2 protein chains.
Amino acid sequence: MKKTVLIFGLLILAVFALFRLSTYYYTRTDIRAELVIASVALVFFLIGIYLNKRSMQRKVKVSGGIDRQKIGELGLSNREYEVLVEITKGLSNKEIGEKLFVSESTVKTHVSNVLLKLQARRRTQAIQIAKELQII
Amino acid sequence: MKKTVLIFGLLILAVFALFRLSTYYYTRTDIRAELVIASVALVFFLIGIYLNKRSMQRKVKVSGGIDRQKIGELGLSNREYEVLVEITKGLSNKEIGEKLFVSESTVKTHVSNVLLKLQARRRTQAIQIAKELQII
DNA sequence: AGCTTTTTGGTACTTAGGTATGAGGATGGG
DNA sequence: CCCATCCTCATACCTAAGTACCAAAAAGCT
């Protein structure tokens, strides 16, 4: 957040400096006015692209981020969430057990709890719901 | 594609007109030069944002589009693909049957074929693979 | 018309997924 | 220390998913 403020402050300063500079060139020198206007136009064009790209990137990050708060609201425990993640990768209960070093029974228990908390009837539905809630 | 060319052509014309207009005001009238420069800056700033937004949207569309060609390469038939889509929505075989007005047996056959063609062992894995291949 | 692919559906069987219930060990807060 | 929560695992049971094999109607193509 501090970085954002800093960048924007510097940007505004630079814009102001450019503005002063252009009027200076316009009044005090004999450089052609078209050149001044054209360069100002170019610089602001680039600034527009830059700012827009920044805001777009932020949007992508937000939409691609996972909502950790919602995981808490749903009452999903650590282990349950881990199991959910493996489910979305398409693993079977057995494979999940091997990956997390627990028995298949344990995985089944976790899966059952996950389905309950996500209000899903099948693991495929859990995948869909988890995606909608942006917790994966 | 024609629309894009048209828009860009109009844009370039508008920019050129603006440029001529600004130099005209600058040389022939007594409007303050700062105003001219500032408005040119503003316009080009907005143009920068607009163009950037357009290109971004195109990117999003490309990344969000589904690869129909790949569906053909995989040998997935119409019905099989429809079933795959319903699988990714989290429906059971029975529900898919009701939605597509066929028996559960038929759905099972289609699912089996889909798994074979996607080289998946489970429907959850099929979801994952289909996503990677950008088929859904 | 003859051929291929698709779509449909069935039976029989195996495996995976999911539920219910209980229970013991680990952890952390009051 | 006690209680709640989490994690672990097991048994028993039922349902859904998936496989194998077959078969017939429908659609497309040459």
Side-chain angles (χ1 to χ4, degrees), chain A residues 66-133 135-136, chain B residues 66-133 135-136:
Chain A
I66 62 174
D67 194 341
R68 297 184 190 282
Q69 198 189 336
K70 191 153 277 169
I71 297 174
E73 288 172 12
L74 290 166
L76 281 177
S77 73
N78 271 7
R79 215 53 168 163
E80 284 161 0
Y81 179 70
E82 282 183 284
V83 169
L84 173 60
V85 170
E86 300 305 326
I87 287 175
T88 65
K89 290 180 184 169
L91 301 188
S92 68
N93 289 338
K94 199 175 182 179
E95 288 168 335
I96 295 173
E98 285 164 6
K99 195 164 182 181
L100 301 183
F101 304 109
V102 293
S103 79
E104 194 187 340
S105 298
T106 307
V107 177
K108 279 190 177 185
T109 311
H110 288 320
V111 170
S112 217
N113 289 330
V114 168
L115 295 183
L116 203 74
K117 291 173 182 176
L118 290 188
Q119 299 183 65
R121 285 197 225 93
R122 286 165 291 285
R123 48 171 57 210
T124 48
Q125 203 179 1
I127 295 175
Q128 176 66 15
I129 292 173
K131 235 169 263 165
E132 272 176 17
L133 297 176
I135 57 181
I136 48 162
Chain B
I66 61 174
D67 193 342
R68 296 183 190 283
Q69 197 189 336
K70 191 152 278 169
I71 297 173
E73 289 172 11
L74 290 166
L76 281 176
S77 74
N78 270 10
R79 217 50 169 162
E80 283 161 1
Y81 179 70
E82 281 184 284
V83 169
L84 174 60
V85 170
E86 301 305 326
I87 287 177
T88 67
K89 289 180 184 169
L91 301 188
S92 69
N93 290 336
K94 198 174 182 179
E95 288 168 336
I96 295 173
E98 285 164 5
K99 195 163 182 182
L100 300 184
F101 304 109
V102 294
S103 79
E104 194 187 340
S105 297
T106 308
V107 177
K108 280 189 176 186
T109 312
H110 288 319
V111 170
S112 220
N113 289 332
V114 169
L115 296 184
L116 203 73
K117 289 174 182 176
L118 291 189
Q119 300 183 63
R121 286 197 223 94
R122 286 165 291 284
R123 46 170 58 208
T124 49
Q125 204 180 0
I127 295 175
Q128 175 66 15
I129 292 173
K131 233 168 265 164
E132 272 175 19
L133 296 177
I135 285 179
I136 48 163

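Note that these values count all heavy atoms, side chains included, but never hydrogens, waters or copies made by symmetry. Order of the sequence lines sets the chain letters (A, B, ...), proteins ahead of strands, with each chain counted from 1. Because the structure is a prediction, the values reported are computed rather than measured.
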Q: With the side chain of Thr109(B) defined as its heavy atoms from C-beta on, choose the nearest nucleotide among dA17(D), dA10(D), dT8(C).
A: dT8(C)
**Q.** Note: Glu73(B)-Lys70(B) ion pair, threshold 4.0 Å (strictly below)
**A.** no
Q. Side chains of Glu95(B) and Arg122(A): does their closest heavy-atom pair fall under 4.5 Å?
A. yes
Q) Who passes side-chain hydrogen bond (donor to acceptor under 3.5 Å, both in side chains) against Ser103(B), sequence neighbours left out? A) Thr106(B)
Q) Distance check: side-chain N/O of Ser112(B) vs OP1/OP2 of dT19(D), anything under 4.0 Å? A) yes
(Q) Without decimals, in angstroms, what is the distance between Glu95(B) CD and dA17(D) C1'? (A) 13 Å
Q: Rounded off to whole Å, could you give me the NZ-to-C1' distance for the Lys94(A) and dG18(C) pair?
A: 17 Å
Q.
Is it the case that the side chain of Lys117(A) and the backbone of Gly75(A) share a donor-acceptor pair, with hydrogens and angles ignored and the cut-off at 3.5 Å?
A. yes
**Q.** Spacing of Leu115(B) atom CG relative to dA20(D) atom C1', expressed in whole Å
**A.** 14 Å
Q: Indicate, with a heavy-atom threshold strictly under 4.0 Å, whether Ser105(B) touches base, sugar-phosphate, or nothing.
A: base
Q: Starting from the 5' end of DNA chain C, give me the residue, Leu116(A) or Asn93(A), whose nearest nucleotide shows up first.
A: Asn93(A)
Q: Establish, with yes or no, whether the OP1 or OP2 oxygen of dT8(D) is under 4.0 angstrom from a side-chain nitrogen or oxygen of His110(A).
A: yes
Q: Identify whether any heavy atom of Thr106(A) sits under 4.0 Å from a base atom; if not, whether one sits that close to sugar-phosphate; answer base, sugar-phosphate or nothing.
A: base
Q: Grab the CD-C1' distance between Glu104(A) and dC7(D) for me, whole Å please.
A: 17 Å
Q | Any Arg79(A) side-chain nitrogen or oxygen under 4.0 Å from OP1 or OP2 of dT8(D) | A | yes
Q: Could you work out which one of dG18(C), dC7(D), dG18(D) sits closest to the side chain of Asn78(A)?
A: dC7(D)
Q) Lys108(A) NZ to dT15(D) P: how many Å, rounded? A) 14 Å
Q) Rounded to the Å, how far apart are Leu84(B) CG and dG18(D) P? A) 12 Å
(Q) Quick check: on DNA chain C, is the nucleotide nearest Asn113(A) upstream (toward 5') of the one nearest Ser103(B), or the reverse? Name the residue that is more 5'. (A) Ser103(B)
(Q) If I take atom OH in residue Tyr81(B) and atom P in nucleotide dT5(C), what distance separates them, rounded to the nearest angstrom? (A) 23 Å
Q) From the list dT7(C), dG18(C), dG18(D), which nucleotide is the closest neighbour of the side chain of Arg123(A)? A) dG18(C)
Q) Taking CD from Glu82(B) and C1' from dT6(C), how many angstroms apart are they, rounded to a whole number? A) 12 Å
Q) With respect to the phosphate group of dG18(C), does any side-chain polar atom (N or O) of Arg121(A) fall under 4.0 Å of OP1 or OP2? A) no
(Q) For the CZ atom of Arg121(A) and the CG atom of Leu115(A), what is their distance to the nearest 0.5 Å? (A) 11.0 Å
Q. Does Ser77(A) have a side-chain nitrogen or oxygen under 4.0 Å from the phosphate oxygens OP1 or OP2 of dC7(D)?
A. yes
